[in-house]
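Written out below as structure tokens is the structure these notes cover.
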Amino acid sequence: MIVHFEPASEEGIASVVRSAAAERVTLSIVGGGTRSGLGNPVRADRTLSTRRLAGIVTYNPAEMTMSALAGTPLAEVEAALNAKGQMLSFEPMDHRPVFGNSGQPTIGGVFAANVSGPRRYVAGAARDSLLGVRFINGRGETIKAGGRVMKNVTGLDLVKLMAGSYGTLGILTEVTFKVLPIQPTAATIVVSGLNDAEAAAAMAEAMAQPLEVSGAAHLPESVGRRFIGGALPEGAATVLRLEGLVASVALRAEKLAAALARFGPVATLDIDQTKALWAEIRDVKPYADGTMRPLWRVSVAPSAGHQLVAALRLQTGVDAFYDWQGGLVWLRMEADPEAELLRRFIRAVGGGHATLLRAGEGERARIPAFEPQAPAVAQLAERLRASFDPSRIFNPGRMAAMA
Amino acid sequence: MPETIGFLKPRQAVLDRRREIIADLTDLLPDGCLISDERGLKPFETDAFLAYRRLPLAVALPETTGQVAAVLKYCSRYGIPVVPRGAGTSLSGGAIPQEDAIVVGLSKMSRILDIDLFNRTATVQAGVTNLNISETVSPDGFFYAPDPSSQLACTIGGNIGMNSGGAHCLKYGVTTNNLLGVKMVLFDGTVIELGGKALDAPGYDLLGLVCGSEGQLGIVTEATVRLIAKPEGARPVLFGFASSEAAGSCVADIIGAGIIPVAIEFMDRPAIEICEAFAHAGYPLDVEALLIVEVEGSEAEMDAMLQSIIEIARRHDVMTIKESQSALEAALIWKGRKSAFGATGRIADYICMDGTVPLSQLSHVLRRTGEIVAGYGLRVANVFHAGDGNMHPLILYNINDPEDAARAEAAGNDILRLCVDAGGCLTGEHGVGIEKRELMRHQYSQADLNQQMAARAAFDPQWLLNPSKVFPLEGRPAA
Ligand SMILES: Cc1cc2nc3c(=O)[nH]c(=O)nc-3n(C[C@H](O)[C@H](O)[C@H](O)COP(=O)(O)OP(=O)(O)OC[C@H]3O[C@@H](n4cnc5c(N)ncnc54)[C@H](O)[C@@H]3O)c2cc1C
Ligand SMILES: Cc1cc2nc3c(=O)[nH]c(=O)nc-3n(C[C@H](O)[C@H](O)[C@H](O)COP(=O)(O)OP(=O)(O)OC[C@H]3O[C@@H](n4cnc5c(N)ncnc54)[C@H](O)[C@@H]3O)c2cc1C
């Protein structure tokens with residue numbers, strides 16, 4: 001029988017960990033548990049949930065920082081921020097539609113997965129917003145790192161390390177992060193009818209302008225109609241988001257439209273359509289299709305995204321759309337995940353990585369969800385892991401397949 | 001001056017093999033890449049934390065990653081400490097060597113390897129200067145955002161070592177937010193690559209850990225950084241206030257209103273006087289505190305932002321508002337600020353503190369800083385990055401008067417404790433080095449430090465890379 005721990009305090013978590021370490025009992029760490037079925041399966045003796053370690057600890061809008069216990073529902077964090085006109089600038093994805101599951105993602109889980117959305121180029125990933133953490137390491141010790149100030153080089157930056165460690169180095173108990181004001185308005189410039197290569201060029205051109213484009217995505221014809229109730233112009237849509245003061249956005253929209261006119265017909269979306277569109281891009285709407293067809297999240301250099309997809313198309317059935325100026329490729333395979341082919345082609349276009357987000361049971365057990373690392377890096381990562389969790393009790397199997 | 005900061009005791013076994021080591025390293029490197037004579041070693045004995053000096057055993061100046069790897073492999077085999085060095089402008093003693101160490105200087109690795117404007121990245125060797133990157137891409141309309149005042153001299157490798165910031169980091173972030181990848185050599189000579197042009201590599205964020213690690217985890221030989229499109233225009237505005245408190249709360253209100261200028265720099269009266277006398281920047285001399293607020297964008301955007309900022313400043317009884325009317329005036333405003341350290345150095349010796357505090361604590365910490373320094377019978381000038389709460393009190397003293405120097409050091413330590421107690425940290429961008437090493441205990445528990453040291457040991461199990469830095473000398477794991 002799987003024993004389930006739900007400590008309601010940091011000390012409670014620490015004491016579970018101490019006895020687990022002493023008895024060499026492995027723990028699967030879950031936040032909302034909304035994604036426990038994702039990536040390579042964790043095989044652990046017991047489950048430890050942060051669900052009851054919840055609540056916003058401090059929120060100081062004037063300092064633009066918030067501290068929250070790790071099990072705080074993301075929805076609660078976002079509602080509190082929204083009430084003060086602020087937001088998480090890294091736009092955490094709501095992945096539930098893609099997986100067709102329910103539950104409450106937690107703020108700890110969001111940072112543990114280093115989630116990042118369409119604003120990545122201007123606002124960074126979750127790790128760039130994370131200022132400080134408290135966590136329990138594999139010895140059951142409470143460790144704090146970072147703080148609540150924006151600039152901090154006092155000692156080694158364990159904060160960055162905890163972001164994206166998927167619960168394999170320690171259990172986050174409290175996170176302190178920076179937030180940003182919600183911009184007064186936003187608009188989207190749409191260039192229609194471009195093929196993937198032309199779109200990449202148009203997006204690079206847009207990002208090279210001093211216009212602070214805060215989102216650059218390309219939605220090929222196969223997916224274009226699935227967004228904002230089919231309200232995008234016919235054909236492929238290359239979309240560029242501008243955010244800021246009202247006067248400034250209007251001005252920049254004009255300049256951007258002028259700069260991109262040579263690529264194709266240009267249209268503009270208003271603030272409501274813009275908000276809806278970018279939320280759907282963030283949440284990978286076209287592939288929230290109620291299936292378990294394999295879904296990859298691929299990150300390559302922006303110039304390489306369309307090359308990768310073109311090469312794959314010659315070999316297998318794929319559907320794709322692009323975020324991050326073309327560098328983030330959401331790739332849905334028609335049948336087989338084709339992990340080896342994909343990873344080989346990624347190396348051929350200059351390198352990057354593919355994360356298997358969704359797949360059938362058997363495939364999830366067989367395919368490394370995360371891109372395997374170079375042996376020297378994998379060995380280093382393993383020594384690092386051992387320095388946090390010497391008895392290997394946290395999330396066995398979660399990142400192991402990387403080596 | 002009596003030294004209050006200790007170094008690790010030099011390893012006798014290493015000192016005894018000095019000649020052999022020099023001969024071996026000479027063989028490993030091309031001609032002219034190893035310095036071992038006392039005159040040649042002298043320029044490497046300290047960095048910009050001038051009060052401490054140690055002559056290293058030798059200085060290696062490799063020209064390739066392969067040569068760096070060969071030197072490190074040799075040093076790890078024979079248990080010889082290594083101190084990585086860029087331009088040696090560290091303000092915390094991060095690059096100060098020790099008698100039994102080989103300094104590995106990156107100055108000969110100063111080539112720009114790849115400028116990729118489509119993907120907006122630059123890949124450079126570690127010895128390239130910060131400013132060189134921005135100057136290279138400037139004609140194409142791009143720049144590299146983190147801009148330490150030392151940018152003419154300091155190297156990208158050193159910037160990574162210290163996770164350096166600068167005046168414009170309020171909007172664009174510090175080095176870690178602009179670094180995409182590195183090639184680095186581990187102490188055993190293994191060459192690894194982290195990150196690259198594809199964002200957010202999975203696996204532990206080793207790149208994030210390396211950034212700001214003060215040369216303790218490996219030697220960076222190449223870096224890939226993010227380039228940003230240069231704004232259409234930028235305009236600094238000067239605001240003069242009747243008190244530091246008024247200026248401090250004005251900063252908090254600007255940020256609180258959701259306005260994020262590119263930079264908000266603060267100077268108090270002593271700093272204004274020093275900078276004005278040196279740079280003739282046209283700073284008002286009848287105010288107690290000055291803010292330089294820079295906004296950027298098109299003319300219309302800058303006008304709109306400045307209008308909101310001016311309204312907020314008025315609520316804090318601003319005495320002077322000076323908008324720059326030309327590029328020349330803008331440059332002059334910045335010249336005064338950027339020469340602050342140099343100008344101060346002309347009138348007195350100083351130590352520069354670097355604590356960061358939450359914005360709500362700015363006024364309190366400024367007042368207490370004044371009281372603390374006065375309590376030691378010394379003077380202080382404050383000039384710092386106010387938008388992110390990164391304070392730089394410059395404590396003025398006479399380096400040739402041992403008592404004065406000891407008082408300055410004590411005052412500095414009190415100020416840093418104050419910053420930590422106010423919810424901040426010991427250092428925002430200059431690093432711990434040797435300077436703040438023993439104060440680490442004030443910010444971290446032994447368990448916190450043990451975890452950091454364990455992570456360090458995963459990279460350098462022998463504890464030989466820049467070993468006298470960052471962690472208190474007592475309570476280290478037995479290597
Ligand atoms: C392998 C994998 C890849 C993913 N890739 C992406 C992606 O590319 N983009 C995206 O938007 N989302 C991704 N996610 C989803 C992401 O996990 C969720 O956005 C978020 O973590 C959900 O929160 P939760 O509380 O439900 O987390 P859970 O599903 O409970 O946990 C997610 C991961 O975080 C760990 N974790 C949870 N809480 C803590 C804690 N307090 N301390 C330490 N570790 C903790 C868990 O062990 C698990 O590894 C991925 C998830 C996994 C497991
Ligand atoms: C007048 C003046 C103004 C300054 N202004 C600022 C400022 O505005 N903002 C700011 O942040 N700092 C500032 N500094 C501090 C200093 O310039 C920075 O810390 C700078 O990044 C150091 O770069 P450097 O090349 O001189 O490195 P060094 O001083 O040589 O080394 C710094 C650290 O990095 C390590 N290191 C160097 N190169 C490598 C490498 N290739 N691989 C691994 N480790 C390496 C060293 O071991 C050392 O620990 C200022 C200094 C001066 C003197």
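Because only heavy atoms are used, hydrogens play no part in the values below, and waters and symmetry mates are left out as well, while side chains stay in. In the text below, chain A, chain B and the rest are named by the order of the sequence lines, each starting its count at 1.
Neither the backbone nor the side chain of B:Leu180 comes within contact range of chain A, judged by heavy atoms closer than 4.5 Å. If you measure heavy-atom distances from A:Pro210 to chain B, the contacts under 4.5 Å come from both the backbone and the side chain. A:Ala208 touches chain B through backbone and side chain together, each having a heavy atom under 4.5 Å away. Contacts of A:Ala200 with chain B are made by both backbone and side-chain atoms, with heavy-atom separations under 4.5 Å. For A:Ile182, no part lies under 4.5 angstrom from a heavy atom of chain B. Contact annotation for A:Gln325: only side-chain heavy atoms (C-beta onward) come within less than 4.5 Å of a heavy atom of chain B. A:Lys255 touches chain B through its side chain: at least one heavy atom from C-beta onward sits under 4.5 Å away, while N, CA, C and O do not. With a 4.5 angstrom heavy-atom cutoff, B:Ile260 touches chain A only via side-chain atoms. Contacts between A:Asn137 and chain B at a heavy-atom distance below 4.5 Å involve the side chain alone, from C-beta outward. With a 4.5 angstrom heavy-atom cutoff, B:Tyr444 touches chain A via backbone and side-chain atoms both. Interface remark: A:Leu251 contributes side-chain atoms only to the contact with chain B (heavy atom separation under 4.5 Å). Only the backbone of A:Gln209 comes within contact range of chain B, with heavy atoms under 4.5 Å apart. B:Asn177 touches chain A through backbone and side chain together, each having a heavy atom under 4.5 Å away. Of the two parts of B:Phe459, the backbone and the side chain both hold a non-hydrogen atom closer than 4.5 Å to a non-hydrogen atom of chain A. Proximity to chain B is absent for every atom of A:Thr65, based on heavy atoms less than 4.5 angstrom apart. Proximity to chain A (any heavy atom under 4.5 Å) is shown, for B:Val210, by neither the backbone nor the side chain. Heavy-atom distances place both the backbone and the side chain of A:Met207 under 4.5 Å from chain B. Of the atoms belonging to A:Leu211, it is side-chain heavy atoms, and not backbone ones, that fall under 4.5 Å from chain B. Only the side chain of A:Leu245 comes within contact range of chain B, with heavy atoms under 4.5 Å apart.
B:Leu209 has its side chain within reach of A:Leu156: a pair of non-hydrogen atoms, C-beta onward, lies under 4.5 Å apart. Counting heavy atoms from C-beta outward, B:Ile255 and A:Met64 have side chains that approach closer than 4.5 Å. Side-chain contact between B:Tyr204 and A:Thr168 is present, with at least one heavy-atom pair separated by less than 4.5 Å. In this structure, the side chains of A:Thr154 and B:Val432 come closer than 4.5 Å at one or more pairs of heavy atoms. For the pair A:Asp157/B:Cys211, no side-chain contact is recorded, criterion being any heavy-atom separation below 4.5 Å from C-beta on. You'll find the side chain of B:Gln451 reaches within 4.5 Å of the side chain of A:Ser387, heavy atoms only. At least one side-chain heavy atom of A:Leu158 sits under 4.5 Å from a side-chain heavy atom of B:Gln452. Contact check for B:Leu199 versus A:Ser299: side-chain heavy atoms found under the 4.5 Å cut-off.
When B:Arg437, B:Lys469, B:Lys197, B:Glu301 are compared by the number of non-hydrogen pairs under 4.5 Å with chain A, B:Glu301 comes out ahead. Contacts with chain A were tallied for B:Thr176, B:Ile192, B:Val174; B:Thr176 has the most, counting heavy-atom pairs under 4.5 Å. In terms of heavy-atom pairs under 4.5 angstrom with chain B, the leader among A:Ala62, A:Gly351, A:Ser303, A:Gly352 is A:Ser303. Of the listed residues (B:Gly256, B:Gly173, B:Cys425), the one with the most heavy-atom contacts under 4.5 Å to chain A is B:Cys425. Comparing B:Gly431, B:Gly424, B:Ala300, B:Ala201 by how many heavy-atom pairs each has under 4.5 Å with chain A, the most go to B:Ala201.
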Might you work through the side chain to side chain contact (heavy atoms under 4.5 Å, CB included) test for B:Leu206 and A:Leu380, ending with a clear yes or no? CA-CA 9 Å; B:Leu206 302 179; A:Leu380 184 59; 4.1 Å; yes

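We find the CZ-CE distance between B:Phe118 and A:Met203 to be 7.5 Å, quoted to the nearest 0.5 Å. Separation of atoms CG (B:Asp448) and OG1 (A:Thr142) is listed at 9.0 Å; rounding is to 0.5 Å.
Considering A:Arg120, A:Arg127, A:Arg297 in turn, A:Arg120 is the only one that fulfils the salt bridge (charged side-chain N to carboxylate O under 4.0 Å, His left out) rule with B:Asp200.
For the pair B:Arg226 and A:Tyr121, the cation does not sit on the ring face, since its NZ or CZ is not both under 6.0 Å from the ring centre and inside 45° of the axis.
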